[in-house]
Student: 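Have a look at this one before I ask anything.
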Amino acid sequence: QVQLVESGGGLVQAGGSLRLSCAASGSISSINSMGWYRQTPGKQRELVARITSGCRTSYADSVKGRFTISRDNAKNTVYLQMNSLKPEDTAIYYCHLGTTWSESWGQGTQVTVSS
């Protein structure tokens, strides 16, 4: 099956930057989109950004102008460049992959932004 492995999370000060990576491996076919979601305790998982096979991108209003999603098709990898980080960006970030017939989730990587 498909496996997604995230990396790049950590602790940064407000105003700092992080770059998350998500590498997909296994049986992959007909990828429609890859994206990033985040979740904090007591709250629902929310979409942060996604990119389709046609390179269309979507962002949550809260991160527009600060985050940028990109992909490397040859490596089956998606990235999330996060700039001007705020304490409210603190969450576990999950990578997501959607195909024509199924979807997969990564294990999550912690992002903590100190004030």
Side-chain angles (χ1 to χ4, degrees):
Q1 280 188 266
V2 175
Q3 184 176 24
L4 304 177
V5 180
E6 301 103 330
S7 62
L11 173 65
V12 298
Q13 294 183 342
S17 298
L18 284 174
R19 190 191 191 203
L20 305 183
S21 298
C22 173
S25 62
S27 182
I28 305 172
S29 64
S30 302
I31 296 175
N32 289 333
S33 67
M34 296 187 72
W36 292 93
Y37 292 71
R38 66 186 181 188
Q39 187 170 27
T40 57
K43 295 198 174 185
Q44 296 183 355
R45 191 171 299 183
E46 65 174 348
L47 173 68
V48 177
R50 68 187 299 161
I51 184 167
T52 69
S53 296
C55 294
R56 284 188 168 190
T57 57
S58 300
Y59 298 93
D61 288 341
S62 60
V63 307
K64 286 182 178 178
R66 299 189 296 119
F67 292 9
T68 302
I69 189 170
S70 61
R71 63 186 295 177
D72 185 334
N73 290 340
K75 298 180 179 180
N76 286 328
T77 301
V78 64
Y79 307 93
L80 185 66
Q81 179 67 45
M82 305 185 294
N83 298 326
S84 301
L85 284 163
K86 305 174 181 179
E88 49 262 46
D89 294 319
T90 295
I92 299 176
Y93 284 70
Y94 297 90
C95 181
H96 176 264
L97 180 151
T99 71
T100 301
W101 308 108
S102 64
E103 62 180 338
S104 301
W105 293 92
Q107 82 289 345
T109 184
Q110 177 70 47
V111 171
T112 302
V113 184
S114 62
S115 60

Student: Hey, any chance Met82 and Tyr79 share a hydrophobic cluster, counting ILVMFWY side chains that come within less than 4.5 Å of each other, even indirectly?
Tutor: no
Student: Please report the interatomic distance OG(Ser25) to NZ(Lys75), rounded to the nearest 0.5 Å.
Tutor: 14.5 Å
Student: What is the minimum heavy-atom distance between Trp36 and Ile69, and which atoms define it?
Tutor: CD1-CD1, 3.9 Å
Student: Identify the heavy atoms of Ala14 and Pro87 that sit nearest to each other, and give their distance.
Tutor: CB-CD, 4.2 Å
Student: Would you say Val78 ends up clustered with Trp105 if hydrophobic residues are merged whenever their side chains have heavy atoms under 4.5 Å apart, either directly or through other cluster members?
Tutor: no
Student: Which residues pass the salt bridge (Lys or Arg N to Asp or Glu O under 4.0 Å) test with Lys86, not counting sequence neighbours?
Tutor: none
Student: Does Leu20 share a hydrophobic cluster with Tyr37, counting links as ILVMFWY side-chain heavy atoms below 4.5 Å and allowing steps through other members?
Tutor: no
Student: Ignoring hydrogens and angles, tell me if any N or O in the side chain of Glu6 forms a donor-acceptor pair with the backbone of Gly108 under 3.5 Å.
Tutor: yes
Student: Does some side-chain heavy atom of Thr100 sit less than 4.5 Å from a side-chain heavy atom of Asn32?
Tutor: yes
Student: Nearest 0.5 Å please: distance from the CD atom of Glu46 over to the OG atom of Ser62.
Tutor: 5.5 Å
Student: To the nearest 0.5 angstrom, please state how far the OG atom of Ser30 sits from the CH2 atom of Trp101.
Tutor: 8.5 Å
Student: Once rounded to the nearest 0.5 Å, what's the spacing between atom CG of Asn73 and atom CZ of Arg71?
Tutor: 4.0 Å
Student: Working to the nearest 0.5 angstrom, can you tell me the gap between Leu18 CG and Gln81 CD?
Tutor: 8.5 Å
Student: Output side-chain donor-acceptor pairs under 3.5 Å for residues 91-98, partner residues at least two apart or in another chain, one line each.
Tutor:
{"from": "Tyr93", "atom 1": "OH", "to": "Arg38", "atom 2": "NH1", "distance (Å)": "2.9"}
{"from": "Tyr93", "atom 1": "OH", "to": "Asp89", "atom 2": "O", "distance (Å)": "2.7"}
{"from": "His96", "atom 1": "NE2", "to": "Glu103", "atom 2": "OE1", "distance (Å)": "2.6"}

Student: What verdict does the side chain to side chain contact (heavy atoms under 4.5 Å, CB included) test give for Val2 and Thr99, after you've listed the backbone C-alpha separation in whole Å, the side-chain angles of each residue and the deciding distance to 0.1 Å?
Tutor: CA-CA 11 Å; Val2 175; Thr99 71; 5.8 Å; no
Student: Can you tell me which residue pairs pass the disulfide bond (SG atoms under 2.5 Å apart) test with a partner in residues 28-70, sequence neighbours excluded?
Tutor: none
Student: Which pair of non-hydrogen atoms, one from Ser17 and one from Val12, has the smallest distance, and what is that distance?
Tutor: O-CG1, 3.9 Å
Student: To the nearest 0.5 angstrom, please state how far the CG atom of Leu80 sits from the CE atom of Met34.
Tutor: 12.0 Å
Student: For Ile51, is there any backbone N or O sitting under 3.5 Å from a side-chain donor or acceptor partner on Thr57?
Tutor: no
Student: Can you see which heavy atom on Thr90 is nearest to which on Thr40, and at what distance?
Tutor: O-CG2, 3.1 Å
Student: Is the closest side-chain heavy-atom distance between Leu85 and Phe67 below 4.5 Å?
Tutor: yes
Student: Please find the pair of heavy atoms, one from Ala60 and one from Leu47, that lie closest to each other, and give the distance.
Tutor: CB-O, 3.4 Å
